[in-house]
Structure formats: structure tokens, C-alpha cells
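Please read these numbers as outputs of a predicted model, since none were measured by experiment.
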Number of protein chains: 2
Amino acid sequence: MIPTVVIVGAGFGGLRVARALRRAPVQVVLVDRNNYHLFQPLLYQVATAGLEPEEIAKPARAVLRGQKNFDFRMIEVTRVDFAAKRLDTTAGPIAYDFLVLAPGGETNFFGLASLQRHGLGLKDIPDAITIRNHVLTCFEQAMLEPDAEKRRALLTFIVVGGGPTGVEMAGALSELIRLVLVKDYPRLNIKDVRILLLEATDKLLPALPERLREAAGKTLWRKYVEVRFGATVADFDGRQAHLKSGEIIPAQTVIWAAGVRAAPLTATLGLAPARQGRIPVEPTLQLAGHPEVFIIGDAAYREQDGEPLPMVAPVAIQMGESVARNIARQLRGQPLEPFRYHDQGTLATIGRNAAVAHVFGLQLSGFPAWVMWLVVHIIQLIGFRNKLFVLLNWAWDYFFYERAARLITRD
Amino acid sequence: MIPTVVIVGAGFGGLRVARALRRAPVQVVLVDRNNYHLFQPLLYQVATAGLEPEEIAKPARAVLRGQKNFDFRMIEVTRVDFAAKRLDTTAGPIAYDFLVLAPGGETNFFGLASLQRHGLGLKDIPDAITIRNHVLTCFEQAMLEPDAEKRRALLTFIVVGGGPTGVEMAGALSELIRLVLVKDYPRLNIKDVRILLLEATDKLLPALPERLREAAGKTLWRKYVEVRFGATVADFDGRQAHLKSGEIIPAQTVIWAAGVRAAPLTATLGLAPARQGRIPVEPTLQLAGHPEVFIIGDAAYREQDGEPLPMVAPVAIQMGESVARNIARQLRGQPLEPFRYHDQGTLATIGRNAAVAHVFGLQLSGFPAWVMWLVVHIIQLIGFRNKLFVLLNWAWDYFFYERAARLITRD
């Protein structure tokens, strides 16, 4: 009997494991509650009407279509029975010989119920569509609102979190409004529009060297994004954001890019989690006491050089490659290799011609960083068709100052 | 004071009125509950994962961006007070000097409650996304279903109605399944898949001459669509379709393309409707007794040569042009001109290289009709960007047998 490797999650990590096992003497079963792999780093562009969901996502079956030892199932995992080597799912049990848990992460509202209810996260496609609809609806409602104060609240957009997601979101939102929507709403007073980027610490993009952090901050200011340091949202009722300092900001929109935690599945495993609900793993990414179980990506907790590994795509991808190699070694009876993350750098874009990049020891900002950002993201997108359509969209938007996906499709 | 022309509905008719009045000495206010104009003739391609919603829709503000005398409001009209010349809306009242009612149509389930609940209509973007998600989910569930009978029901797709929408839907669905999905589900037995096209009369595409109707029927058979004449669905509980004949077909999907009626707004006007809830209008498309009110498109009932005008885009467009001219004539004190519809023909596509066309007296089928269909639809799409992206998508799908939009994005 060939052993079965069950992979939970078709994100960056899970997909990489499935691909890397294509010639291994195993049967691969990939399960996910969605039928697609999502290129999360460009999700903020869907939220700001620059790209369509279909351009940054690809059906998992299509990605791995040619792979003989591959099977996909669109199901949700409800429980893992490590002793019986079995998953309970919405479509019955699945037995495994090897299990790779790569369920990813979700928005971390840190228990703030009001933000969970009224704030907008940005982790999957429905999130992005919700933000897009919400922002565009705010503009439509502002055009109908006679009360000046209420109109300004409709046009005040708060982005929480100064990491790459928050910075990119704030920059893209500013460009959507100041380059595109301004043409759709000629009677709108652009001075009524405010975009605030709130960061609890005193640093944007903390992973970057100081020179690039400053360049990022300056670029945001030039794009009329008000960056506030030491600012934390304590409460939000959908009309007013209450900061910890006591300040009240009337705003209809809070986009929450301030935290990620492991997906809810990790809480059902009966294992003691570390920070952000992540499950501690051995240096080989195995679960202690279960050599046949690997945990990778946002759901895994592992420190390197005294720091926890960040919850980003490159970590998940490299973990996926390591696990595929280790499963092959385990089958051959060889000792497993410990995982080590090789940081290839950080990139963040803040709009047209503007980005910061710290890659291969190089520190770039402005136009060269932006070009690098474009190239890196186009290369990483899965499938030639997605690459082509994203590139065409970007080129069109770049030259014509347009965003095609400005439809309000849900209420 | 310049008179205000309020247009309700940003469909083919309403948009045409707004555009045609761009140089008239009036203020144009276009209202719609959505922020976009939708190119409905290609909606079935969104439902079958060939196109994205954004490619066949364009924000109303963007369409009429350059027009000085134009204002758009995203609101819902709740009531019309013809005596006071005022609309009640979700955002307060709007006064008008001229009113053009172009609210369009909706799916007509003919009072069949079970079909209203479980059947899938195809009139707007959420409908199309629902069909796409439903069809793809049926395939995912079929892969998990051990019971052969239940699996066949999951893979049985009933399309009701042999008009252009039903024929195009059935053809596109067959190609999605037999050219694309078959590659995604290599373990699927394609013989389990059934697509039925049920038509109550004994004719497909009744507007076409017999030769073309037969060509359409043959093409559908070649695409493994089972066409049944004299077949009416009386009841559908989501698992079984009960035909009027007593036959029961186990199926999870009924796509309802069997009828259209005027949008619900027409029922609130306090006017006696004709067939399909449409409001009878004068030869000038005015409402009797209200020379300042025009009704056009699917909501208007008008006979020509003893036949009611069909509920199709060309009628709405020509009506819109006529109304814009008549409003200008009325302002100049000239007598109004009666409306006359000039039928330019019928086109329907049944898949790659296959269509039927009856245009300018020409009867075409097969490849030439298909090319004509492509050209006509590309020309009519609003905006160069939409034309370009639709053409690229079609070209890609044509050469690579792909459909990009195969994501299940809602549940």
C-alpha cells in the first residue's frame, strides 16, 4: 500500500508540499474549505478595486492538474484524531499515514468584540469584496448626505496596523480615492476625505531598516495618509472609533490589519498553543510525539535566533519544501533535517512608482523598489494567465488612472 | 430654471436616455439601486465561469463621467407620486419635471413558490455568481458522494426555457463541463453528467426561422444537451424536479430561464398592468394622462403589428433614443413622434464555433454566425477596457479550453 499524505490547507505552504511530493511514492490528498489557492499578498488590491478575485486565485484542481498522485477535496476539517491517524471532516473521516497541517491564519482582533463586529479584516476573498463594497458605498452615501459632519464620517477611513498589509492598504486606498474616485464624484470635496493609518508602536514596517521606514512614512504623507504612532483603537461601533488615548474619531470604516493568529482549527487539536494560537513544533516541524504529523505556516510556532518566525508566505513556502523533503527521507528511513528559514527580504508598495525593498542586502526605495515589487509579485503569481491578466490590469490602471472593479456587488 | 429629467434604472434604456440628453437643456438625474450598468446578454458567461462580473459591468458614474448635466444617485425608489411629480426614495424625495421609468425586468417564476425558493434565476450579478458557485459546488460534492444515485442527481442540471437565455446557458454549461471541468475531475465519470433543456412549447428560439431553429437544436444535441419539448417543471424541492407530465427527475439544479416580468417597482405605481406586470404606454411611450412621464424597456407594454414588443435590450435602447428625442421636442413645443421598433435580428450562441443569426434578412448558422455574434457583442460592450478584457478572455478560453473564473466564492 502506498502511504497517504493528507495536507490540510491549499495556501502557500500546503500547495508547496503537494507539488514537491509529485514524484514521491505517496498518494497526496489536499483538503481545503475553498476550492482555490489564494495569492494573499495582492488581496488588498482586490479590496481597493484594482484586481478581480479571479486574478489572484486559482482553483486548486487546476494548479495540480497534471499531478498523477494528487487528489483534492473541498471539505472542512472538524477534528484530528492523532491516535487513530484520522481526520473528521464535513464529509466523513479521512485516514492518513502522514499529516501536514497548513490551515493558515485569520484576522486577530485580540478579543475586541466591537472591532470583530464592525471592523473589516483582510484575510480572504469575501473580506476583500466586503471592503470594496463598503468603501464604494460610503462614497455613494456621502453624495446623498446633506449633513456635513456625517458626510465627513462617511469619508474617513481608518487603517489599523503599520505592517506591510496596513501600509499597502492605506497607500492603495489613497490612490483609489485621489486618482480614480475623484473623477467619478466631481461634486465631492476631496478635503472631506481622510485616511488615517494608526500604529500602536512608533514604527512602520518594523522589519525594515530605518532609512526605508522613513521613506515609507514620507511617501504615505505625500499621499495624504495621516500616519499616527502610539495610536490604538479600543472600541468601534461602526460610527465612531474610540482610541485608547480617549480621542474619538467619527468614521464609518475601520480596516483591521493589526494582527494575525492561527486558523481556528489549531484550537481544536487539544494541543497547548503558543503566541497567536500557533502550535509549537520540533526543529523538523514535526509535532512532538507524532513523527507522522507536520505543522507549517501561520499555524506553526517556531523560534529562530531567539525570534518567532514571522507569519508570512515565504516562511510557509520554505516550510512546505522542508516537509516534503523530510517525508521522502522518512519513507527512505533517513534521518530528518531541521528547518531553517532563509529570509530573502521584505517588500512593500505604497502606490504608483513608490515602494520600499530590502532584498539580498540591498536597500531600495521609490521607483526601483516599485519595479522590483512588480516583478517579484508577477513571477510569484500562479499560472501564466493570472500573470498576464494582472499585468494588463496594472498597465491599464497605471496609464489611465483607472480601477475596473468598482462595482458594489453585495449589500 | 432648467427642467430636471429623472431616469429610474441604469440599464440599456435608462442609460441611453441619459446619454442622448447630454446636449439638451435639462439636468439629468439617473438613479439605480446598483452603482453599475450591466451588460445582461453576457450574464450567462459569468454564470458559467467564462467572464468576471467586472468585465460585463461598468459603474454608471464612469460611463457618463464627461457629461456635464449628469448626476447619479445610488438609491432605491419606493413610490412615485405622479400628481406631485415626486419620487420617494430610500434617501428622501426627488422632484422631477420629466420622469423616465426604466426599471427593467426580473425573473418570472409564474407564482411557483418552490421554484422561486430552489430554482436559480439569471437576471443580475448575484444571480450569476450564485449559479457559478452552485454548479461548481455540485461537482465538488459529487466527488465526495459515495452513493451513485445521489451523485447523478448532483450532476444533473436542468435548464428551463428554450429562448436565447436558456439555449445559451445550456450550451455554455455543457462546454464548461465537457471541455474544462472534465480536466479538473479526472476521476469523474462524464456519463454521470446530464444537462436537460426543458421547453414548454415545441420550439426553441421561437423568434428564428425554422432552418435556424433546427440548426440550434442539432448543435445542442451534439453538445450532449438533452432537449425536451412540451416539458414543464411544476415543482422543485432542491432534490427532485416534478414535471407536469408526472415524471420525476432527480436533480440538484434548476436554472430558470423561462420567463421575465417587469421589475417590482411597476407594481407600486397604482397603475393597471398588462401582461407580465408591464405598464401600457401611449404610442409616444408616455403614460396616459401624464405627458411628462415616459416608461420604457421591460417595464413598458406596447404592441406593434398586433404583437407585444419583446423584452430585449434593442427595444429598450431604441425606446430610450425615442424618449430623449421626444423630451427635447416637448421642451421646444413640438409635437411628439410615435415610437416604432426596428427589429435588427436575433443572435444566439451555443458554444465554440456555433451560433445562429437572423440579421438584416440573412440566415446564418455555425461558424459565420458565431463570428458575427462575437463581433456584435464586443462592439456593444461599454468601454474599451471591457471590450479588450472580454476579447482576451474569450481568446484564452478558445485556444486553451479554460475558464478562469472557476472560484467558489460564497456558500
Participant: Taking salt bridge (charged side-chain N to carboxylate O under 4.0 Å, His left out) as the criterion, tell me which of Lys58(B), Arg61(B), Arg65(B) meets it with Asp184(A).
Facilitator: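 The option that passes is Arg65(B).
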Participant: With a 4.5 angstrom heavy-atom cut-off, is it the side chain or the backbone of Ile75(B) that approaches chain A, or both, or neither?
Facilitator: side chain
Participant: Considering only heavy atoms, which portion of Ala57(B) lies under 4.5 Å from any heavy atom of chain A: side chain, backbone, both, or neither?
Facilitator: both
Participant: Looking only at heavy atoms, what is the nearest atom pair of Ile408(A) and Tyr36(B), with distance?
Facilitator: O-CE2, 3.4 Å
Participant: If you count heavy-atom pairs under 4.5 Å with chain B, which of Gln141(A), Glu55(A), Arg187(A) comes out on top?
Facilitator: Arg187(A)
Participant: Can you say whether Phe389(A) sits under 4.5 Å from chain B via the side chain, the backbone, both, or neither, judging by heavy atoms?
Facilitator: both
Participant: Side chain, backbone, both or neither: which part of Phe139(A) has a heavy atom under 4.5 Å from chain B?
Facilitator: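 Looking at Phe139(A), nothing touches chain B.
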Participant: Pick from Asp71(B), Leu64(B), Asn386(B), Leu136(B): which one has the most heavy-atom pairs with chain A under 4.5 Å?
Facilitator: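 Among Asp71(B), Leu64(B), Asn386(B), Leu136(B), the one with the most close pairs to chain A is Asp71(B).
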Participant: Around Arg33(B), counting heavy atoms of other residues, nucleotides and ligands shown, do more than 12 lie under 6.0 Å from its CZ?
Facilitator: no
Participant: Are there more than 12 heavy atoms of other residues, nucleotides or ligands under 6.0 Å from atom CZ of Arg352(A)?
Facilitator: yes
Participant: For chain A, which candidate among Met143(B), Glu145(B), Glu140(B) shows the most heavy-atom pairs at distances under 4.5 Å?
Facilitator: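 Among Met143(B), Glu145(B), Glu140(B), the one with the most close pairs to chain A is Glu140(B).
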Participant: For Met74(B), is it the side chain, the backbone, both, or neither that has a heavy atom closer than 4.5 Å to a heavy atom of chain A?
Facilitator: both
Participant: Take a 6.0 Å sphere around NZ of Lys387(B) and say whether it holds more than 12 heavy atoms from other residues, nucleotides or ligands.
Facilitator: yes
Participant: When you look at OH of Tyr398(B), are more than 12 heavy atoms from neighbouring residues, nucleotides or ligands closer to it than 6.0 Å?
Facilitator: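 Above 12, so yes.
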Participant: Kindly give the heavy-atom pair with the smallest separation between Pro59(A) and Leu407(B), and that separation in Å.
Facilitator: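 Shortest heavy-atom contact: CD-CD2, 4.0 Å.
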Participant: Which answer fits Ala91(A), side chain, backbone, both or neither, if we ask what part of it has an atom under 4.5 Å from a heavy atom of chain B?
Facilitator: side chain
Participant: Could you look at Leu144(B) and say if it's the side chain, the backbone, both or neither that has a heavy atom under 4.5 Å from chain A?
Facilitator: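 Answer is side chain: those atoms of Leu144(B) sit under 4.5 Å from chain A.
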Participant: Checking heavy atoms, do the side chain of Arg406(A), its backbone, both or neither come under 4.5 Å from chain B?
Facilitator: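 Both backbone and side chain.
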Participant: Below 4.5 Å from any heavy atom of chain B, which atoms of Leu392(A) appear? Answer side chain, backbone, both or neither.
Facilitator: both
Participant: By number, which residues in residues 40-48 of chain A have some heavy atom less than 4.5 Å away from chain B?
Facilitator: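 When heavy atoms of chain B are the reference, residues 40-48 of chain A contributes no residue within the under-4.5 Å range.
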Participant: Out of Asp124(B), Ile125(B), Asn35(B), Asn34(B), which residue meets the side chain to side chain contact (heavy atoms under 4.5 Å, CB included) rule with Thr409(A)?
Facilitator: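 When Asp124(B), Ile125(B), Asn35(B), Asn34(B) are each tested with Thr409(A), the side chain to side chain contact (heavy atoms under 4.5 Å, CB included) holds only for Ile125(B).
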